J.: 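Right, I'll just put the structure down here and ask away after.
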Amino acid sequence: TLIGEGNVYVALRDTAKGQEAFSRAMQIEKGYTGPDGPELAAPMRMGMGEALLLSSGRQEALAYFKSALEVCRKLRDWRGEAAALRRIAEVESGLGNVQEARQHFEAAIEIIESVRARVAGPTFRSSYSASTRVFYESYMDLLMQGNAANVALESSERSRMRSLVEMLTEARVDIHQGVDPAMVERERTLARQINAKQRELMSLAGDKEKAGLTKDAEKEIDALLLQ
C-alpha cells in the first residue's frame, strides 16, 4: 500500500519519496468510500508528518499530527490519540513551546495510564508498560530541559515502580495468593484468548487483501486487554 511504501521511505530517511507516497495516498482517500477509509486517515497524516520532519518542516509536520489527532478522537482510537499527542509534544518541544509540549505529553500519559489500569493481568501490563516507556522518557527529557527536575523525578519514580512489579512477576512471586480463584481463571482465559488473537494477527501480517481482517483482529485484542 502507499502508506506502507511511505513508511519505508521515512525509515530510509528519503523525505521526498515519503512525502510523495503519503500525498498520493491522501489524494486517493478523497474519493475512497471503503469501510476502512476513516481508519486509514490518521496513519496517512502521521506518516506525512514524519516525512516532513525529515526535511525540517516542523510547522507543517505539526499541522498533520494535529489533523491525525482529530481523526483518532473521532474514531475513539486511544492508541492513535496517544501517539499523535506524543509527536505533537515532541515537535512543540523542538519549537521551544515548552508549556504546550508539556500539556500534550501529560494528556498522552493520562491516556496510557488510564488504559494500563484496565489491562488484564500482570504479564500484559508489563508488556504494555514496555511498549509505552518512550512516552515517559520523552516527557522526562522535556522536563529536565525546562529545569522541572522534581516533576521529572516523580515521572521517573512512577516508571520505576512499574519495573519493580515486572521484576516480581519475572521472579515468579505468587501475586495470585489470596485472590479469588474465579478471577485467576478469568485472567488465564483472557490470556489464552489474547494469545490466540495475536497468532491470528501474525498469520495475517503482510497480506494486503486481508487488511480488514488485520484491523478487526487488532480491535479484538485491544478489547480483550481492556477487560
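Hydrogens, waters and symmetry mates play no part in the numbers below; they use all other heavy atoms, side chains included. If you're wondering where the values come from, they're calculated on a predicted model, not measured in any experiment.
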J.: Linking I/L/V/M/F/W/Y whenever any side-chain heavy atoms sit under 4.5 Å apart, do Val134 and Phe105 land together?
T.: yes

J.: For residues Ala41 and Arg45, report the shortest heavy-atom separation together with the two atoms involved.
T.: O-NH1, 3.0 Å

J.: Looking only at atom types and distance, does a side-chain atom of Asn97 sit under 3.5 Å from a main-chain N or O of Glu100, one as donor and one as acceptor?
T.: no

J.: If you round to the nearest 0.5 Å, how far is NE2 of His104 from CG of Leu69?
T.: 7.0 Å

J.: Once rounded to the nearest 0.5 Å, what's the spacing between atom CE of Met46 and atom CG of Asn7?
T.: 10.0 Å

J.: In the structure I gave you, are the side-chain heavy atoms of Phe22 and Ile3 within less than 4.5 Å of one another anywhere?
T.: yes

J.: Applying salt bridge (Lys or Arg N to Asp or Glu O under 4.0 Å), name anything that partners Arg58, two or more places apart in sequence or on another chain.
T.: none

J.: Leu62 versus Leu95: any side-chain heavy-atom pair under 4.5 Å?
T.: yes

J.: Do any N or O atoms from the side chain of Ser93 and from the backbone of Val98 form a donor-acceptor pair under 3.5 angstrom?
T.: no

J.: Closest heavy-atom contact between Gly18 and Ala51?
T.: C-CB, 4.1 Å

J.: Quick check: do Ser67 and Met48 have side-chain heavy atoms less than 4.5 Å from each other?
T.: no

J.: Compare all side-chain heavy atoms of Gln103 with those of Glu92 and state whether any distance is below 4.5 angstrom.
T.: no

J.: If I compare all heavy atoms of Cys72 with all of Gly80, which pair ends up nearest, and what's the gap?
T.: SG-C, 3.5 Å

J.: With no hydrogens and no angle check, do the side chains of Tyr64 and Glu50 hold a donor and an acceptor under 3.5 Å apart?
T.: no

J.: Taking Leu54 as the starting point, is it possible to reach Leu52 by hopping between hydrophobic residues whose side chains are less than 4.5 Å apart?
T.: yes

J.: Using salt bridge (Lys or Arg N to Asp or Glu O under 4.0 Å) as the criterion, list what pairs up with Glu90, not counting sequence neighbours.
T.: Arg86, Arg87

J.: Can a donor-acceptor pair be found, under 3.5 Å and without considering hydrogens, that links the side chain of Ser138 to the backbone of Phe135?
T.: no

J.: Carefully, step by step, assess Gln19 and Tyr9 under the rule side-chain contact (heavy atoms from CB on, under 4.5 Å).
T.: CA-CA 9 Å; Gln19 290 179 45; Tyr9 285 129; over 6 Å; no

J.: Which distance, rounded to the nearest 0.5 Å, do you find between the CZ of Arg13 and the CG of Leu53?
T.: 10.0 Å

J.: Nearest 0.5 Å, please: how far is CE in Met44 from OG1 in Thr1?
T.: 8.5 Å

J.: If you measure from CD1 on Ile88 to NZ on Lys66, what distance do you get to the nearest 0.5 Å?
T.: 6.5 Å

